[in-house]
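Encoded as structure tokens, the structure appears first; notes follow it.
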Amino acid sequence: MNYWLVKSEPFKYSWDTFTIEKKTMWDGVRNYQARNSIKEMKKGDLVLWYHSNEGMEVVGIAKVTTEHYNDPTTDDPRWFVVDLSIHKKFKKTVTLVQMKQEELLQSMGLLRQPRLSVMPVTKDHFDYICKLGQTIV
DNA sequence: GCCAACGTTGGC
DNA sequence: GCCAACGTTGGC
């Protein structure tokens, strides 16, 4: 079981929309590092859902429901997508400001390479953020 | 709106 | 294969 973090821009696709639709195809990744993460995702992996720009906070957890497959929004065979379904909404959102203050999270990808749209998260970081979100997985 | 960080492109 | 120029992202 692996853990990840994805970033969505709320005005494009927010957690609220996700809540209504229950599942989504995570498409549009056009960055090799992010793409590599997509390729490593396995069914059942858990994914932190982060809102960039507006909010700047982790709002909940999604679950990977498929292995990666070719991105149907492009003919370019280099790009892949996975499907995500809603898992749990955080009782309390965890803001970027909050995470920056946590000693334990200093080595997190989100804080070190903020521009990646999909990134791996260690189990320790994942568990800790869930705790901050007052949510038991 | 600005700017830092990073990725991509293209000329050589 | 190097590197300058440019584009994009996202926090502030």
Side-chain angles (χ1 to χ4, degrees):
Chain A
M1 160 90 83
N2 287 309
Y3 302 91
W4 313 92
L5 180 143
V6 297
K7 290 196 294 198
S8 79
E9 297 182 72
F11 72 90
K12 272 193 203 153
Y13 193 91
S14 71
W15 179 264
D16 287 344
T17 314
F18 191 34
T19 304
I20 294 162
E21 296 184 354
K22 300 279 193 289
K23 58 181 181 170
T24 187
M25 180 179 71
W26 197 258
D27 63 3
V29 171
R30 295 291 181 272
N31 167 288
Y32 286 107
Q33 258 181 286
R35 190 278 312 262
N36 290 342
S37 293
I38 294 264
K39 282 177 77 175
E40 283 170 28
M41 284 181 177
K42 292 274 184 290
K43 217 170 160 173
D45 283 357
L46 295 177
V47 182
L48 296 170
W49 188 284
Y50 176 77
H51 277 169
S52 65
N53 288 312
E54 298 164 46
M56 292 186 286
E57 59 193 4
V58 178
V59 288
I61 305 166
K63 189 193 267 186
V64 178
T65 58
T66 61
E67 300 290 308
H68 66 91
Y69 55 97
N70 275 307
D71 190 335
T73 63
T74 175
D75 290 333
D76 195 328
R78 292 176 300 171
W79 308 117
F80 300 95
V81 300
V82 290
D83 288 350
L84 300 177
S85 70
I86 265 243
H87 186 60
K88 262 187 186 173
K89 185 180 161 67
F90 273 4
K91 274 198 189 123
K92 274 191 61 157
T93 59
V94 180
T95 65
L96 183 63
V97 174
Q98 209 180 338
M99 290 189 278
K100 279 185 166 173
Q101 286 166 354
E102 297 293 338
E103 192 64 34
L104 261 164
L105 301 178
Q106 290 310 306
S107 56
M108 230 192 124
L110 182 66
L111 305 182
R112 321 191 93 206
Q113 244 185 304
R115 292 177 67 255
L116 266 187
S117 56
V118 183
M119 69 188 83
V121 177
T122 65
K123 184 175 180 0
D124 286 351
H125 289 165
F126 184 88
D127 288 344
Y128 195 70
I129 290 168
C130 290
K131 211 166 91 186
L132 294 176
Q134 296 179 5
T135 301
I136 297 150
V137 183

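A note on names: the letters A, B, ... follow the listed sequences, proteins ahead of strands, and every chain is numbered from 1.
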Per the under-4.0 Å heavy-atom filter, residues of residues 95-109 of chain A near DNA chain B come out as none
Extract all donor-acceptor atom pairs below 3.5 Å that involve side chains of residues 56-67 of chain A and protein atoms in other chains or at least two apart in sequence.
unit_1, atom_1, unit_2, atom_2, d
A:Glu57, OE1, A:Thr93, OG1, 3.0
A:Thr65, OG1, A:Asp83, O, 3.2
A:Thr66, OG1, A:Asp83, N, 3.0
A:Glu67, OE2, A:Lys43, N, 3.3

With sequence neighbours excluded, tell me which residues meet salt bridge (charged side-chain N to carboxylate O under 4.0 Å, His left out) with [X].
X	answer
A:Arg30	A:Asp71
A:Arg78	A:Asp76
A:Lys123	A:Asp127

With sugar-phosphate taken as primed atoms, P, OP1 and OP2 and all else as base, the protein-contact string of nucleotides 3-10 of chain B at under 4.0 Å (heavy atoms; B, S, -) is --BBSS--
Hey, could you give me each pair passing ring pair (Phe, Tyr, Trp, His ring centres under 6.0 Å) that has a residue in residues 71-94 of chain A? Not counting sequence neighbours. A:Tyr32-A:Trp79, A:His68-A:Phe80
Which pairs with one or both residues in residues 110-137 of chain A pass ring pair (Phe, Tyr, Trp, His ring centres under 6.0 Å), sequence neighbours excluded? A:Tyr3-A:Phe126
Residue pairs involving residues 101-120 of chain A (criterion salt bridge (Lys or Arg N to Asp or Glu O under 4.0 Å); sequence neighbours excluded): none
